[in-house]
Structures are given as structure tokens and as C-alpha cells.
Amino acid sequence: MNGAADLGGMMGFGPVVPEPEDHRFDAGWQRRALALTLAMGAAGRWSIDEGRHARESIPPPEYLTSSYYAIWVRALEDLLVAHGLVTRAELAAGRADGPGEPVRVLRAGDVRAALAAGTPYSRQVASSARFAAGQRVRARVMNPAGHTRLPRYVRGRTGTVVTVHGAHVLPDSNARGAGESPQWLYQVRFDARELWGEDADPASTVDVDAWESYLEPA
């Protein structure tokens, strides 16, 4: 969706100032926000793509004025309500009105192994890859109402396939509960000048992982 989360190439937001790699949290509640999000993700009620879409769906004025983990908390609240695990009244009161639904529990002793194992999203498909490494492709011009992983700044731009990753779950479909719909996934390299114009660094490139339906032959 063309929401506030898709900020690539947007002006007026100031420079990106990276924090030290070992700096994770500014306050204790941020640790809890991360833990709650991971624990509820492990409960299996929604996919990672639906979780991302929940964050993207926060109204732009709120999204752009919220911190990273505040966005996570707001999205988690929306997901919990949407899946019937809590009510808005319970969230406002800060307590449950009754027993909650049973969910799969991620216990503290299992967290390290679960995170190390990850969740595979590669799949087998019957069709052959439409594109090959070295082939020139164009990112489609698209304006979906739902979740997509194709950033606005590459739409309509031409790049080169660098790697064929194999078939993977399509986030656009999975985010709305419409099935995994796996497609071939490609690493596509775009020259900076193709994206940003003649003032861009001629030596710079941007790589984007793009599903097959995002692309067309150049």
C-alpha cells in the first residue's frame, strides 16, 4: 500500500542517523514490546505479513509521529482485537474481563532456539522461473490497496536480475489471509541514476527483492 511506511526516496524527513549496532532499547517498555510481539507471533494467529500490514495501516499522522516500538505496540493491539483475543475495552482498562482464549505459548526457555531456527518461507512451485540472472526487467507500476513489498521508488524503473532466489510465499496474498500463493523471487539491481536522476552517485546501486508478479520484461 502507498502508506506512510513507504518512505524510500521521500524528501523532508532529514538524514538517516544510524544508531550503534549494539544499541537496542531506550527504555524497558521497548523490551517488553519486542517480547510481546514475538510471543504473539509464535501463537500462530497471524502471519508475519499480516503483522507488517498492521503496522503499515496505522494512520499516517500517528505513524510518522510514533517511535519504532510504539508502532509495534499499536499494531499488536490492532491484531489482538481483530483476531478476537482482546477487546478495546480491555485494552483501555488494562485488564481482562474474563478468561482468554488458549493460544500456543512461546516459553522463555524456547525463545533462543525458536529465533535461531526462524520460519522458512521458500516453497516449491510447478512453473519455471520467468526471468534469469542478467536479464533486464522493469518493475510494474502498481498501486495496491493492501500490503506489498515493492517500494514506490522502483515502480516503473528498469533493473537487472542478479539472483533467482527460488519460489517464496507472496506477502501481498499472505497478508490478507488469502493463501501463500508462492511465486519466484528475484534480486534486482537498479542503478542509482535510474531511480534518482542525474544527480545521483553513478557508482551506487540499490538491490530489491521482487516477486515475479512485480516484474515485466524490459
Side-chain angles (χ1 to χ4, degrees), residues 1-13 16 37 40-41 44-64 66 68 71-72 74-79 82-83 118-125 127-133 135-192 194-196 205-218:
M1 60 188 303
N2 297 334
D6 193 358
L7 286 175
M10 298 292 287
M11 296 181 176
F13 289 93
V16 174
T37 301
M40 288 311 304
R45 293 302 184 95
W46 53 79
S47 68
I48 189 173
D49 300 306
E50 187 177 352
R52 287 172 172 151
H53 183 49
R55 292 191 281 274
E56 295 170 348
S57 299
I58 296 171
E62 181 180 353
Y63 185 97
L64 294 172
S66 296
Y68 181 78
I71 290 171
W72 278 41
R74 166 59 194 276
L76 179 58
E77 291 175 347
D78 290 344
L79 287 165
H83 287 266
T119 303
Y121 288 94
S122 58
R123 299 291 187 267
Q124 297 295 318
V125 293
S127 61
S128 300
R130 184 182 183 190
F131 306 109
Q135 187 172 351
R136 297 283 285 171
V137 292
R138 181 179 297 103
R140 293 176 53 214
V141 176
M142 50 190 284
N143 293 284
H147 179 66
T148 186
R149 300 301 296 277
L150 186 67
R152 279 178 295 185
Y153 63 83
V154 303
R155 298 176 196 172
R157 306 297 184 176
T158 300
T160 302
V161 174
V162 176
T163 305
V164 181
H165 287 306
H168 287 71
V169 173
L170 178 66
D172 309 47
S173 175
N174 204 36
R176 64 177 190 272
E180 294 188 342
S181 304
Q183 293 184 4
W184 288 91
L185 179 65
Y186 306 88
Q187 177 186 355
V188 182
R189 181 163 297 161
F190 297 88
D191 291 336
E194 170 72 8
L195 300 178
W196 318 121
T205 58
V206 175
D207 286 12
V208 171
D209 284 342
W211 274 260
E212 193 163 88
S213 60
Y214 297 174
L215 304 171
E216 58 191 13

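Because only heavy atoms are used, hydrogens play no part in the values below, and waters and symmetry mates are left out as well, while side chains stay in. These numbers come from a predicted model, not from an experiment.
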Could you work out, with side chain to side chain contact (heavy atoms under 4.5 Å, CB included) as the rule, every residue matching [X], not counting sequence neighbours?
X    : answer
A178 : S173, R176
A192 : W196, A200, S204
T163 : H165, Q187
E180 : R123, V169, N174, P182

Is there side-chain contact between [X] and [Y], with heavy atoms separated by less than 4.5 Å?
X    : Y    : answer
P171 : W211 : yes
E50  : H83  : yes
W46  : M40  : yes
N2   : R155 : yes
T119 : I48  : no

For the residue pair [X] and [Y], what are the closest heavy atoms and their distance?
X    : Y    : answer
A218 : T158 : CB-CG2, 3.8 Å
V208 : P151 : CG1-CD, 4.1 Å
V188 : A210 : CG2-CB, 4.3 Å
L195 : Y153 : CD2-O, 3.5 Å
D49  : A175 : O-CB, 3.6 Å
G51  : L79  : CA-CD1, 3.9 Å

Sequence neighbours left out, what passes salt bridge (Lys or Arg N to Asp or Glu O under 4.0 Å) with R157? Give chain and number order.
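Here no residue qualifies.
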Do R140 side-chain atoms and S213 backbone N/O form a donor-acceptor pair below 3.5 Å?
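Such a contact is found between R140 side chain and S213 backbone.
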Got a second to check how far [X]'s [atom1] is from [Y]'s [atom2], nearest 0.5 Å?
X    : Y    : atom1 : atom2 : result
Y214 : L185 : OH    : CG    : 9.0 Å
R149 : R52  : CZ    : CZ    : 4.0 Å
L64  : I71  : CG    : CD1   : 8.0 Å
L150 : M142 : CG    : CE    : 5.5 Å

Output all residues satisfying side chain to side chain donor-acceptor pair (under 3.5 Å) with [X], sequence neighbours left out; order by chain, then residue number.
X    : value
D78  : R74, R88
T160 : R136
Q135 : none

The test is side chain to side chain contact (heavy atoms under 4.5 Å, CB included); show your working for Y63 and E56 and say whether it passes.
CA-CA 8 Å; Y63 185 97; E56 295 170 348; 6.0 Å; no
By ring-ring contact (aromatic ring centres under 6.0 Å, His included), which residues pair with F131, not counting sequence neighbours?
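Partners of F131 by the ring-ring contact (aromatic ring centres under 6.0 Å, His included) criterion, ordered by chain and then number, come out as Y186.
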Got a sec, which residues hit ring-ring contact (aromatic ring centres under 6.0 Å, His included) with W184, two or more places apart in sequence or on another chain?
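So W184 forms no ring-ring contact (aromatic ring centres under 6.0 Å, His included) with any residue.
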Please, which pairs that meet salt bridge (Lys or Arg N to Asp or Glu O under 4.0 Å) have at least one residue in residues 181-190, sequence neighbours excluded?
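Every pair satisfying salt bridge (Lys or Arg N to Asp or Glu O under 4.0 Å) with a residue in residues 181-190: R189-D207.
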